[in-house]
Amino acid sequence: MKNSKRLFILIEAVLAAMVIVLAFVMLQEKNGRDLDKVSVIIQNSDDNQWSAFKYGLRMAAEDRKIEMFVVSTGGTLTAEEEKSLIEREIENGADAVIVQPAPDADTENMLRDVEKKVPVMLAGCTASKEKEDSALPVTEPDHYAMGTALAEELLKDYSGNIEGKTVGILSETADSEAAANREKGFLDGLKDTGAVISWSVYDSFSETDENALEFRSRVDFVIALDDNSLRTAGKYSAAKNLHGALVYGIGNSTEAVYYLDTGFAECLVVPDEFNVGYQSLTETAESLDDYFHTMQNRTVSYTVIRRDTLFSKENQEVLFTMSQ
């Protein structure tokens, strides 16, 4: 019995020593090689809406001594296209990837396979329409809360009385976790108010869709659930093609701010995209620094901006990150 106990203790001691040696070797290897490389893949990467996000990435890369590269993309990527880009980046030496998941049913499984090779951090939303179904870490704002905030701001403007008012909803897609939760938050916020949802449009609003909104029935309010939709609604409002509808929306680009400043949008809910970039890269760097670190979900804040508060001291930092 005593011999068995001694053998068990000896084995435990050997295993502990092996772990220490392994950690030491990995640290030595890290100290002796080039900077860790992180590739970032987002939809339509040159679009203005990513300015704050990319600024956050750059600041985190400097702070954590990481080599960071944003892959050039155009338009909306499919899961298969994302997979090809990720594989190319890994072949070119990427030690980890930060990905805005494509709104595709196959994306979750594809990214889980990638995670077996390198750490994966999702940015902006999960790869599944239900957040709890995703096994991958994500850095994102509270999309449901932003949708609810839009409803609250609309109700404030009418002292809570919008019975019989009509609403049109714009969203780039209905297939992402972000879009689904933003819409749910907004609709829950209008529950029992008597407002009528006249139509919902889910579209990327490419040049071929320029006239799509002109033929929709007249509504009192247009609710834009993402930056691209907000810019589309703002453009139509400026051209007087929304038949007098007032625009409320979620946006994070200087163009979205322009439509607010010029009165073509009533309210803007702005997710903290700077911290989506900064925290996603920081969490990824932790994983590369510490082999035993498990990346965690990060939730960032959002800001409600009105025209009369646009240039307030509190909003200066938000505007600054958008212009970088």
Side-chain angles (χ1 to χ4, degrees), residues 43-44 47-49 75-76 103 125 129 143-144 146-158 160-253 255-271 304-307:
Q43 311 278 342
N44 197 13
D47 193 89
N48 179 251
Q49 66 175 299
T76 302
C125 65
K129 286 186 71 172
H143 299 292
Y144 180 88
M146 288 197 297
T148 302
L150 272 182
E152 290 173 349
E153 293 301 313
L154 174 58
L155 290 170
K156 281 180 188 177
D157 288 348
Y158 292 84
N161 182 16
I162 58 171
E163 185 172 0
K165 298 288 187 181
T166 52
V167 179
I169 295 176
L170 299 185
S171 180
E172 274 191 297
T173 178
D175 297 326
S176 74
E177 176 253 336
N181 283 324
R182 290 177 183 188
E183 183 169 1
K184 187 175 189 304
F186 177 76
L187 294 177
D188 286 352
L190 291 193
K191 192 174 181 180
D192 299 325
T193 63
V196 178
I197 307 301
S198 296
W199 45 260
S200 298
V201 174
Y202 307 104
D203 201 300
S204 60
F205 303 104
S206 63
E207 291 301 313
T208 57
D209 301 316
E210 284 259 308
N211 297 319
L213 296 183
E214 292 184 15
F215 304 107
R216 297 285 166 176
S217 61
R218 184 195 178 282
V219 292
D220 296 301
F221 311 111
V222 170
I223 306 301
L225 296 178
D226 54 77
D227 190 82
N228 196 27
S229 299
L230 189 283
R231 287 184 286 171
T232 298
K235 180 175 67 175
Y236 272 85
S237 179
K240 302 187 185 308
N241 287 330
L242 283 185
H243 315 297
L246 300 179
V247 177
Y248 292 71
I250 296 171
N252 45 273
S253 66
E255 190 176 346
V257 171
Y258 164 79
Y259 288 121
L260 178 67
D261 187 35
T262 52
F264 297 115
E266 302 297 309
C267 174
L268 197 61
V269 176
V270 183
V304 176
I305 301 180
R306 294 283 191 152
R307 188 180 183 187

Show me, pair by pair, the donor-acceptor contacts under 3.5 angstrom made by side chains of residues 146-156, not counting sequence neighbours?
unit_1: Thr148; atom_1: OG1; unit_2: Tyr144; atom_2: O; d: 3.1
unit_1: Thr148; atom_1: OG1; unit_2: Gly185; atom_2: O; d: 3.3
unit_1: Glu153; atom_1: OE1; unit_2: Arg306; atom_2: NE; d: 3.3
unit_1: Glu153; atom_1: OE1; unit_2: Arg306; atom_2: NH2; d: 3.0
unit_1: Glu153; atom_1: OE2; unit_2: Lys156; atom_2: NZ; d: 3.1

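Of the possible polar contacts, one joining the Asn252 side chain to the Gln49 backbone as a donor-acceptor pair under 3.5 Å is found. In this structure, the side chain of Ser237 does not engage the main chain of Ala233 through any donor-acceptor pair within 3.5 Å. Between the Asn181 side chain and the Glu177 main chain, a donor and an acceptor come within less than 3.5 Å of each other.
Under the side-chain hydrogen bond (donor to acceptor under 3.5 Å, both in side chains) criterion, Ser200 pairs with no residue at all, not counting sequence neighbours. Every residue meeting the side-chain contact (heavy atoms from CB on, under 4.5 Å) condition with Ala179, not counting sequence neighbours, appears here in chain and number order: Ser171, Thr173, Ser176. Considering only residues two or more places apart in sequence or on other chains, Ala238 meets the side-chain contact (heavy atoms from CB on, under 4.5 Å) condition with Tyr259, Phe264. With sequence neighbours left out, Tyr158 forms a ring-ring contact (aromatic ring centres under 6.0 Å, His included) with Phe221. Asp227 is linked by a salt bridge (charged side-chain N to carboxylate O under 4.0 Å, His left out) to Arg231, counting only residues two or more places apart in sequence or in another chain. With sequence neighbours left out, Arg307 forms a side-chain contact (heavy atoms from CB on, under 4.5 Å) with no residue at all. Contacts of Asn44 classified as side-chain contact (heavy atoms from CB on, under 4.5 Å), with partners at least two apart in sequence or in another chain: Asp47. Residues satisfying the salt bridge (charged side-chain N to carboxylate O under 4.0 Å, His left out) test with Asp188, not counting sequence neighbours, are Lys184.
You'll find the side chain of Val219 stays beyond 4.5 Å of the side chain of Val167, heavy atoms only. Within the 4.5 Å cutoff, side-chain heavy atoms of Ile162 are placed close to those of Leu190. Side-chain contact between Val304 and Val269 is present, with heavy atoms from C-beta onward closer than 4.5 Å. Residues Cys125 and Arg182 fail the side-chain proximity criterion, which asks for heavy atoms closer than 4.5 Å.
Atom OH of Tyr258 sits about 14.5 Å away from atom CG of Leu268, to the nearest 0.5 Å.
Exactly one of Leu213, Val201, Asp203 qualifies for a side chain to side chain contact (heavy atoms under 4.5 Å, CB included) with Thr232. That residue is Leu213.
Between the side chains of Glu255 and Asn48, no donor N or O sits under 3.5 Å from an acceptor N or O.
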